[in-house]
Amino acid sequence: MRLRLGVLISGRGSNLQALIDAATDPAYPAEVALVISNKADAPGLERARAAGIATLVLKPKDFADKAAHEAAMTAALESAGVGLVCLAGYMRLLSPVFVSAWLDRLINIHPSLLPSFPGLHTHERAIEAGVRFHGCTVHFVRVEMDTGPIIVQAAVPVADGATPDSLAARVLEQEHKAYPLAVRLIAEGRVTVAGDRAVVARGAVPDAVIAPIA
Ligand code: GRF
């Protein structure tokens, strides 16, 4: 049976789409079972519906507190038989209770080469810092935002004259490859967590995933 994914979104959902698209291949070892959004108007919900995937809107303000909201998410994920929760542009911090309930079964994609540039506005900050390479990271989630064992990274060169928008577009292209790759590695049982690091079984990932200079 394929690994059942629960995808948490707040917006556009292009990474959700990348996972949906990957799973159209019957040989892909995972499938999106449930999409949960904290916003009723998240465009990603329409992507899920178009693919015939179950969706759920759980708005924090409809619950007594954060614990109740997260308990509802966990209940829905469990009843959908979810084995891996994927954050894909989910713009709320998760509590230690939720993170430990899903420990090592909860991953995130972040638009920088962590541990550089955790947080928001990563592309602007990378350009301001003058880094030559930027990229994205798929990692297991820990309580502190944008930390946790790194599963896959993809790097892109920062061109002279890059703008936050042009750099974001180049990184996003890599995100859409990196996220399905990381999920596949996990679904194939090739990823183990050892302390602060994720270990990927030999031969599973190329030495470096670097996008060619455009
Ligand atoms: C992506 O850049 C992702 O790395 C970050 O939020 C953005 C979500 O985009 N966490 P999308 O909703 O998947 O299109």
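Every number for a ligand or one of its atoms is a count from 1 in the order of the listing.
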If you count the atoms of ligand 1 from 1 in the order shown, which ones are under 4.0 Å from a heavy atom of [X]?
| X | answer |
| --- | --- |
| P111 | 2 (O), 4 (O), 5 (C) |
| E175 | 1 (C), 2 (O), 3 (C), 4 (O) |
| I109 | 3 (C), 4 (O), 5 (C), 10 (N) |
| R12 | 9 (O), 11 (P), 12 (O), 14 (O) |

Determine whether [X] and [Y] make a side-chain contact, defined as any pair of heavy atoms from C-beta on separated by less than 4.5 Å.
| X | Y | value |
| --- | --- | --- |
| I107 | H139 | no |
| V158 | L167 | yes |
| Q17 | R12 | no |

Determine the minimum heavy-atom distance between A198 and F140, stating which atoms define it.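 Distance-wise, the nearest heavy atoms are CB-CE1, 4.1 Å.
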
Between the candidates G89, A88, G13, which shows the shortest non-hydrogen contact distance to atom 6 (O) of ligand 1?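 When every heavy atom of G89, A88, G13 is considered, G89 comes closest to atom 6 (O) of ligand 1.
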
Could you find the nearest protein heavy atom to atom 11 (P) of ligand 1 and give me its residue, atom name and distance?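 Result for atom 11 (P) of ligand 1: S14 N, 3.4 Å.
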
Any donor-acceptor pair under 3.5 Å linking the side-chain atoms of H176 with those of S14?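 H176 and S14 do have a side-chain donor-acceptor pair below 3.5 Å.
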
